[in-house]
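Heads up, the thing below is written out as structure tokens.
Remember, it's a predicted structure, so these values are computed and weren't measured experimentally.
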Amino acid sequence: YMANSVQYAKTVDTPSVKLETTELHGRVRVAYADFTAAGAQETINMFKLPNGARILGGRLNHAALGSSTTVSVGHAAYVNAAGTTVAADVDEYKAAAGSTSATGSAIAATTALGENSVVDAPDGLVVTATTAGANATGLITVQMTYVLD
């Protein structure tokens with residue numbers, strides 16, 4: 001038995017159904033931000049993703065931020081298209097992990113962590129990095145790739 005994805009089925013239906021650019025032929029874009037922590041535990045607004053963007057993935061990189069420190073990647077609170085306020089979630093895209101040594105890691109790397117999710121935030125979605133555990137000092141960079149148009 002041969003099965004078709006939802007998107008492929010749209011292209012062979014009669015009449016065919018146009019796919020969204022986030023499904024086929026869309027342009028991959030990047031959002032990037034860096035921040036130098038100066039001895040604090042804090043949530044940092046890194047960048048804003050546009051409404052309708054399909055998140056493909058990303059990377060978190062950081063210096064050795066100090067002993068007992070952790071860093072996570074999430075989002076600030078926002079209002080979705082239905083008018084519902086969605087609470088901030090500091091680890092939506094990456095759970096808190098030790099940041100005592102310089103390293104890089106994938107973010108939004110699984111369905112549970114937002115990979116392939118579509119931003120539902122008419123005013124945009126602010127992606128955050130959060131340091132905790134102990135005061136962090138050093139460079140933190142976050143980049144995400146997404147498709148919008």
Exercise. Is a side-chain donor or acceptor of Asp91 paired with a backbone partner of Lys94 at a separation under 3.5 angstrom?
Worked result: no
Exercise. Do Val147 and Leu19 share a hydrophobic cluster, counting only Ile, Leu, Val, Met, Phe, Trp and Tyr and linking them when any side-chain heavy atoms are less than 4.5 Å apart?
Worked result: no
For this session: Could you list who else is in Leu139's hydrophobic cluster, with ILVMFWY side chains joined at under 4.5 Å, directly or through other members?
Result: none
For this session: Could you tell me the separation between the CG atom of Asp34 and the CG atom of Asn61, rounded to the nearest 0.5 Å?
Result: 11.0 Å
For this session: Can you see which heavy atom on Gly114 is nearest to which on Ala108, and at what distance?
Result: C-CB, 4.3 Å
For this session: Starting at CD of Gln7, measure out to OG1 of Thr22 and round the result to the nearest 0.5 Å.
Result: 8.5 Å
For this session: Under the side-chain contact (heavy atoms from CB on, under 4.5 Å) rule, what do Arg27 and Leu148 come out as? Steps first, then yes or no, please.
Result: CA-CA 7 Å; Arg27 288 184 280 190; Leu148 184 61; over 6 Å; no
For this session: Look at Glu20 together with Arg54 and state whether they make a salt bridge at an N to O cut-off of under 4.0 Å.
Result: no
Problem set entry | Closest contact, heavy atoms only, Ala134 versus Ser67 | CB-O, 3.4 Å
Exercise. Should Val126 and Met144 be counted in the same cluster of Ile, Leu, Val, Met, Phe, Trp and Tyr side chains packed under 4.5 Å apart?
Worked result: no
Exercise. Between the side chain of Ser72 and the main-chain N/O of Val90, is any donor-acceptor distance below 3.5 Å?
Worked result: yes
Exercise. Has Tyr8 got more than 12 heavy atoms of other residues, nucleotides or ligands less than 6.0 Å from its OH?
Worked result: no
For this session: Hydrophobic side-chain clustering at under 4.5 Å (ILVMFWY, transitive links): who's grouped with Val118? Put none if nobody.
Result: none
Exercise. Under the side-chain contact (heavy atoms from CB on, under 4.5 Å) criterion, do Thr111 and Asn116 qualify, and how do the steps go?
Worked result: CA-CA 7 Å; Thr111 300; Asn116 296 318; 5.6 Å; no
Problem set entry | Linked hydrophobic residues, Val30 as query - side chain contacts closer than 4.5 Å | none
For this session: To the nearest 0.5 angstrom, please state how far the CD atom of Gln143 sits from the CE atom of Met46.
Result: 11.0 Å
Problem set entry | Distance-minimising heavy-atom pair for Phe47 and Val142 | CE2-O, 3.5 Å
Exercise. How about Thr131 and Ile140: do any of their side-chain heavy atoms sit closer than 4.5 Å?
Worked result: yes
For this session: Say whether Val119 and Val86 are linked into one hydrophobic cluster, either directly or through other cluster members, by side-chain heavy-atom distances under 4.5 angstrom.
Result: yes
Exercise. Which heavy atom of Ala37 sits nearest a heavy atom of Ala136, and at what distance?
Worked result: CB-O, 3.4 Å
Problem set entry | Under-4.0 Å salt bridge between Asp123 and Lys48 | no
For this session: To the nearest 0.5 Å, tell me how far Gln41 CD sits from Thr130 OG1.
Result: 11.0 Å
Exercise. How about Ile107 and Leu113: do any of their side-chain heavy atoms sit closer than 4.5 Å?
Worked result: no
For this session: Could you pull out the closest heavy-atom pair between Ala76 and Asn45, with the gap in Å?
Result: CB-OD1, 4.4 Å
Problem set entry | Criterion side-chain contact (heavy atoms from CB on, under 4.5 Å) on Glu92 and Thr128, from CA distance to verdict | CA-CA 10 Å; Glu92 176 75 12; Thr128 61; over 6 Å; no
Exercise. Does Ser117 have any side chain to side chain donor-acceptor pair (under 3.5 Å) partners at least two apart in sequence or in another chain, and if so, which?
Worked result: none
Exercise. Out of curiosity, Glu115 CD to Ile55 CD1, how far, rounded to the nearest 0.5 Å?
Worked result: 10.0 Å
Seminar exercise, completed: So ring pair (Phe, Tyr, Trp, His ring centres under 6.0 Å) across residues 66-88, not counting sequence neighbours, yields His75-Tyr78
Exercise. NE2/His62 to OG1/Thr70 distance, rounded to the nearest 0.5 angstrom?
Worked result: 9.5 Å
For this session: Give the other cluster members for Tyr1, using side-chain heavy-atom distances under 4.5 Å between Ile, Leu, Val, Met, Phe, Trp and Tyr residues; answer none if it is isolated.
Result: none
For this session: State, to 0.1 Å, how close Thr100 and Gly66 come at their nearest heavy-atom pair, and which atoms those are.
Result: CG2-O, 3.2 Å
